[in-house]
A.B. asks: 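To start, I am sharing the structure in question, which I have written as structure tokens.
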Protein chains: 2
Amino acid sequence: MNILIAEDDPFHRAFLAGTVREALPGCEAVLEAEGGEQAVKLARDNRIDGVVMDIQMPEVSGIAAASKIWETRPDMRILFWSNYSDEAYVRGVSRIVPKEAVYGYVLKTASAQRLGLAMMGIFLEDQCIIDREVRGVQQRAMDLHEGLSNTEFEVLTDIALGLTDKAIAARRGISTRSVQSRLKQLYEKLGIDQQPHDDEGPVFNSRARAVALALSRGLLNLESMSLGEAKLRRWLEKGQ
Amino acid sequence: MNILIAEDDPFHRAFLAGTVREALPGCEAVLEAEGGEQAVKLARDNRIDGVVMDIQMPEVSGIAAASKIWETRPDMRILFWSNYSDEAYVRGVSRIVPKEAVYGYVLKTASAQRLGLAMMGIFLEDQCIIDREVRGVQQRAMDLHEGLSNTEFEVLTDIALGLTDKAIAARRGISTRSVQSRLKQLYEKLGIDQQPHDDEGPVFNSRARAVALALSRGLLNLESMSLGEAKLRRWLEKGQ
DNA sequence: GCACGACCTGCGGGATCCCGCAATCGAAGC
DNA sequence: GCTTCGATTGCGGGATCCCGCAGGTCGTGC
């Protein structure tokens, strides 16, 4: 069995390699990549049976790299190992995972033992293993009343990128009035109307406040935004 | 000599401890803190000669902890060790460092040797040692035409928190028209007017676009925003 | 004293945003 | 077939935002 490790931090990379050797004694080779691009290349050029992937990496993130790998090898087993359980990450992962793929999501704060158990479960037993805390986020995101729907999530990313209502409407193929309806729902779910008011009218600009709250709650993060920025740029060029 | 290490990641913490022992053979004790709060407590209760501080830590960040420590020991030598050279961090540090303090700013991507040299320079020779890359950011921030003035930076943080013009005016003690003037300058410096236009008017909402650009350029980051959120909350309560 | 630049401020208007009301459409369920 | 529910859309208005223009203030340097 050959395992690929993708992790930019050298200390974490060494720790991962050690844990892999310990949890999977039958493992023949452990390949190491320092970034997403290298991970894709190594996964393409070698016979790999599983990947341990850090999500936050400069240049090409772990999610982007996993997406690339799954394009050609939709049955690849990938264990995501991340510092955070941001909803942006959890959504990002579950959006790209193919139906036939086995995957896992373990937090870096977990013990070495828990990480080792997850490796055994995924790479030996083909189980999907998701940390409890991450599962909680996943659950909340699915709940229709608590979490955001896909359409609400779309307008959220769009206003976070700084688009106008009209631009969002053109991009998503709906009317500006619909955009505003979605925004209103978004504001309600984020609880913007119940934010403090001053004597002199509202303290908060709904649009900007929504972005601030989404960031602080992990609905969005910098990576999801730069990813959205890239998509937006492509759409703009296509339009011209 | 006693050195305090504040770093939440155990691998990095162990690496720091090793580097301290190597670079400073005369060092008697190396104390370790896992977070900002513990760092402040350890610095208060022990005879500490210098601190190596990670900036990004959950709960109490390294900048907040350093600020606390410098309140009672303004001559403390502190070496900041961070993953990023975000302008938000650089500004945050240089805003709180007392005139008589010796400090340093080294990136985590630097080699162990460079880190060791910085430790020797700061703790043995009382030199200020700032990585070249960080220095570049500091320089740009000082340049009046390239970087943002303090007033522009203030309105930037305010709109990022989601405040309305009126609320910003009340908070900063100026008229709403002044807020809008500052915003216009901010938009110009961020280059929002030269963003792409569609046939059907502007694609971007200036206010939201400014926040998006500031985040992607590191002028703001999540920590500076949650810090601003805390300040805002205090101000709101005072007003009521 | 005087010119200069940086900042603050009031006025006014045009564009955008926020939202209540109501009609329409499509999909799911009985 | 009918109902129900969610999503979309138009209309209209009030609030906010963006910005050009012009006048005022304050500190610096000659």
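Just so you know, these numbers come straight off a predicted model, no measurement behind them. Throughout, a chain's letter reflects where its sequence line sits, starting with A, and its residues are numbered from 1.
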A.B. asks: Would one find a side-chain N or O of A:Arg177 under 4.0 angstrom from OP1 or OP2 of D:dG10?
C.D. replies: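 Result: no.
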A.B. asks: In this structure, how many angstroms lie between the P atom of C:dC17 and the CZ atom of B:Arg209, rounded?
C.D. replies: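 From B:Arg209 CZ to C:dC17 P: 15 Å.
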A.B. asks: Can you tell me if the side-chain N/O atoms of B:Thr164 get under 4.0 Å from OP1 or OP2 in D:dT16?
C.D. replies: no
A.B. asks: Give a yes/no answer on whether the side chain of A:Ser178 brings an N or O atom under 4.0 Å of OP1 or OP2 in D:dT8.
C.D. replies: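 No, outside the criterion.
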A.B. asks: Is it true that a side-chain atom of A:Arg217 and a backbone atom of A:Leu190 form a donor plus acceptor pair closer than 3.5 Å?
C.D. replies: yes
A.B. asks: When you measure from the side chain of A:Asn205, which nucleotide among C:dT16, D:dC17, D:dT9 comes out closest?
C.D. replies: D:dC17
A.B. asks: Which nucleotide, C:dT9, D:dG10, C:dC18, lies nearest any side-chain atom of A:Asp165?
C.D. replies: C:dC18
A.B. asks: Within the 4.0 Å heavy-atom criterion, would you say B:Ser181 contacts the bases, only the backbone, or no part of the nucleic acid?
C.D. replies: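 If one applies the 4.0 Å heavy-atom cut-off, B:Ser181 turns out to touch a base.
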A.B. asks: Take atom CG of A:Leu186 and atom P of D:dA7, then tell me their distance rounded to the nearest Å.
C.D. replies: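 Between P of D:dA7 and CG of A:Leu186: 13 Å.
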A.B. asks: Taking CD1 from A:Ile168 and C1' from C:dT16, how many angstroms apart are they, rounded to a whole number?
C.D. replies: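 Rounded to whole Å, this separation is 12 Å.
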A.B. asks: So with a 6.0 Å cut-off around CZ of B:Arg44, is the heavy-atom count from everything else above 12?
C.D. replies: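 Check passes, neighbour count above 12.
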A.B. asks: Give the rounded distance in Å between these two atoms: CG of A:Asn150 and C1' of D:dG6.
C.D. replies: 15 Å
A.B. asks: Specify the separation, in whole Å, of atom CD1 of B:Ile192 and atom P of D:dC18.
C.D. replies: 9 Å
A.B. asks: Determine, for B:Arg91 against B:Glu223, whether the closest basic-nitrogen to carboxylate-oxygen distance falls under 4.0 angstrom.
C.D. replies: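 No, B:Arg91 and B:Glu223 are not salt-bridged.
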A.B. asks: Ignoring hydrogens, what is the shortest heavy-atom contact between B:Cys128 and B:Ala101? Give both atom names and the distance.
C.D. replies: SG-O, 4.4 Å
A.B. asks: Please state whether the phosphate of D:dC17, meaning OP1 or OP2, lies under 4.0 angstrom from any side-chain nitrogen or oxygen of B:Lys184.
C.D. replies: no
A.B. asks: In whole Å, I'd like the distance from the CZ atom of A:Arg172 to the P atom of D:dT8.
C.D. replies: 12 Å
A.B. asks: Starting at the 5' end of DNA chain D and moving along, which residue's nearest nucleotide shows up first, A:Gln185 or A:Gln180?
C.D. replies: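 First, find each residue's nearest nucleotide; the 5'-ward one identifies A:Gln185.
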A.B. asks: Could you check how far CG of A:Leu183 sits from P of C:dC19, rounded to whole Å?
C.D. replies: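 Rounding to the nearest Å, CG of A:Leu183 and P of C:dC19 are 9 Å apart.
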A.B. asks: Can you check side-chain hydrogen bond (donor to acceptor under 3.5 Å, both in side chains) on B:Ser178 and B:Arg182, steps first, answer last?
C.D. replies: CA-CA 6 Å; B:Ser178 301; B:Arg182 292 184 179 183; over 6 Å; no
A.B. asks: Would you please confirm or rule out a distance under 4.0 Å between OP1 or OP2 of D:dC18 and any side-chain N or O of B:Arg207?
C.D. replies: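 Checking D:dC18 against B:Arg207, a side-chain N or O does come within under 4.0 Å of OP1 or OP2.
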A.B. asks: Using a cut-off of less than 4.0 Å, is there contact between a side-chain N or O of A:Arg182 and OP1 or OP2 of D:dA7?
C.D. replies: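 Answer no for this pair, as no side-chain N or O of A:Arg182 is under 4.0 Å from OP1 or OP2.
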A.B. asks: What is the distance from CZ of B:Phe204 to C1' of D:dC19, rounded to the nearest Å?
C.D. replies: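 In whole Å, D:dC19 C1' and B:Phe204 CZ are 20 Å from each other.
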